[in-house]
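Following: one structure in structure tokens, then a few remarks.
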Amino acid sequence: MIPFDDLLYVVFCAALAALAVAAVALAVLYGLRGRSVATQLIVVGAATVLATISGILVISFLMLLNDHDRSVVLAVVTSAGLVAMAVSVLLGRRLVAANRTLVEAVRADRFRPPAARLPAELAELSRELEAAYARLAAAHEREQALEASRRELVAWVSHDLRTPLAGLRAMAEALEDEVVSDADTVRRYHGRIRVESERLAEMVDDLFELSRIHAGALRLSRRRVGLADLVAEAVAGAEALARAKGVRLRGDVREGLPLQVDSGEFGRALRNLVVNAIRHTPSDGTVEVIGEVHGGEARVTVADACGGIPEDDLPRVFDVAFRGEAARTPGGGAGLGLAIARGIVEAHAGRIGVANDGPGCRFEITLPVTA
């Protein structure tokens, strides 16, 4: 039996030899760090075999083995090492083939996970790549939709600005050249100039508000406001427009609780919904604004009698510059009110939606209730 001190000495010498081989292998791997995984696996296999052989040589000299025994041991270790090298090469080739398959899938126009069975790590990478490509595709679609919306907005707003400006210029020239001189016509022109100026100011204000929403620069000054107060203010602000068009406007709050909102911004969003409902409701129609609390959420619905919205147009109702009609009739607004309302509601962590209901459609705002 080998004495314990001698055994420790043998282990120490064998470990030194293995560490020397490992140091050389690490240096080689560092130099080949940019090469194929198969090449690095060959280095790892060779380092394992050489470390084993070096340890056996150290042991054989220390234990004074004869040449025959030393040759037998080296032959066995070398054979095992060659088998390990072959396995390393095969594994490296499989990894390279799997990596090439994944790279070809990535280079395709549309990434699809390879049908071939991949190693667990590459399979996980393939799933992550598929999810990333899906997110990129969705982002690209949103970008295209926003770009199309921007071009449409520029074209429509240019038209809506040109119409009142042309009218203002014509009336100003008529007054300046004294083409009209009777007091009634002059008074009517002055009144029309004021109306068109207010319309232009509202349009510019809407554009500025929309740009703040899209830029993420909308700053909310939240405070506790009663739901009944918000509904009452929206109804009072649109009452004159409803009376002028002959539309019945009613507001009701079935249950009111405080909301933590920016009363100015949220009131604007609610007014936009009410004004939109009045504009699309025929004379003798009814617009109802109802506030209630349900399931820990405040809900405000604006129901009109517009006759309903085509199902294909429902997803686009809150898009910028969408008015549900091809013609840009004067006085119909620039199609920004609903887009602004959606931006304000979402800034309050709320939801806004629309659905056809009865003789018209129902817009619904949902907000969390302050505890």
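Under the 4.5 Å side-chain criterion, counting only non-hydrogen atoms from C-beta, Leu314 is in contact with Val354. Counting only heavy atoms from C-beta outward, the side chains of Val204 and Phe208 never approach each other to under 4.5 Å. Contact annotation: the side chain of Val247 never approaches that of Asp304 to less than 4.5 Å [non-hydrogen atoms, C-beta and beyond]. In this structure the side chain of Arg223 reaches within 4.5 angstrom of the side chain of Ser263, judged on heavy atoms. Looking at heavy atoms from C-beta onward, Glu346 lies out of side-chain contact with Arg351 at the 4.5 angstrom threshold. Contact annotation: the side chain of Thr301 never approaches that of Glu288 to less than 4.5 Å [non-hydrogen atoms, C-beta and beyond]. Side-chain contact check for Val225 versus Leu259: every heavy-atom pair is 4.5 Å or farther apart.
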Tell me, with the steps shown, if Asn356 and Glu311 meet side-chain contact (heavy atoms from CB on, under 4.5 Å). CA-CA 9 Å; Asn356 290 322; Glu311 293 296 330; 3.2 Å; yes
So Ile278 and Leu249, side-chain contact (heavy atoms from CB on, under 4.5 Å) or not? Walk me through it. CA-CA 8 Å; Ile278 293 173; Leu249 178 61; 4.3 Å; yes
Just do the side-chain contact (heavy atoms from CB on, under 4.5 Å) check on Val231 and Val289 with the steps written out, would you? CA-CA 7 Å; Val231 173; Val289 185; 3.8 Å; yes
Assess whether salt bridge (charged side-chain N to carboxylate O under 4.0 Å, His left out) is satisfied between Glu104 and Arg100, documenting all intermediate values. CA-CA 6 Å; Glu104 290 175 356; Arg100 187 178 296 113; 5.6 Å; no
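Lys245 contributes no side-chain N or O that, together with a main-chain N or O of Ala240, makes up a donor-acceptor pair within less than 3.5 Å. Between the side chain of Asp177 and the backbone N or O of Val179 there is no donor-acceptor pair closer than 3.5 Å. Checking side-chain atoms of Arg342 against main-chain N and O of Phe318 turns up a donor-acceptor pair under 3.5 Å. A side-chain donor-acceptor contact under 3.5 Å links His348 to the backbone of Asp262.
Under the 4.5 Å side-chain heavy-atom criterion for Ile, Leu, Val, Met, Phe, Trp and Tyr, Ile193 and Val186 are members of the same hydrophobic cluster. Under a hydrophobic clustering in which Ile, Leu, Val, Met, Phe, Trp and Tyr are joined whenever their side-chain heavy atoms come within less than 4.5 Å, directly or via other members, Leu168 and Val180 fall into the same cluster. There is a path of hydrophobic side-chain contacts, each under 4.5 Å, that joins Ile213 to Leu220. If you chain together hydrophobic residues whose side chains sit under 4.5 Å apart, Val287 and Leu241 fall into the same group.
With sequence neighbours excluded, the residues that form a salt bridge (Lys or Arg N to Asp or Glu O under 4.0 Å) with Arg212 are Glu209, Glu265. Listed by chain and number, the residues in a ring-ring contact (aromatic ring centres under 6.0 Å, His included) with Phe111 are Tyr133 (sequence neighbours excluded).
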Less than 3.5 Å apart, which donor and acceptor atoms pair up between the side chains of residues 360-369 and the rest of the protein, not counting sequence neighbours?
| from | atom 1 | to | atom 2 | distance (Å) |
| --- | --- | --- | --- | --- |
| Arg362 | NH1 | Asp357 | OD2 | 3.1 |

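Heavy atoms of other residues, nucleotides or ligands lying less than 6.0 angstrom from CD of Glu147 number more than 12. For Asp284, the CG atom sits in a loose shell: 12 or fewer heavy atoms of surrounding residues, nucleotides or ligands are nearer than 6.0 Å.
Taking CZ of Phe266 as the reference point, atom CZ of Arg222 lies at 11.0 Å (rounded to 0.5 Å). Atom CZ of residue Arg194 and atom CD of residue Glu198 lie 5.0 Å apart, to the nearest 0.5 angstrom.
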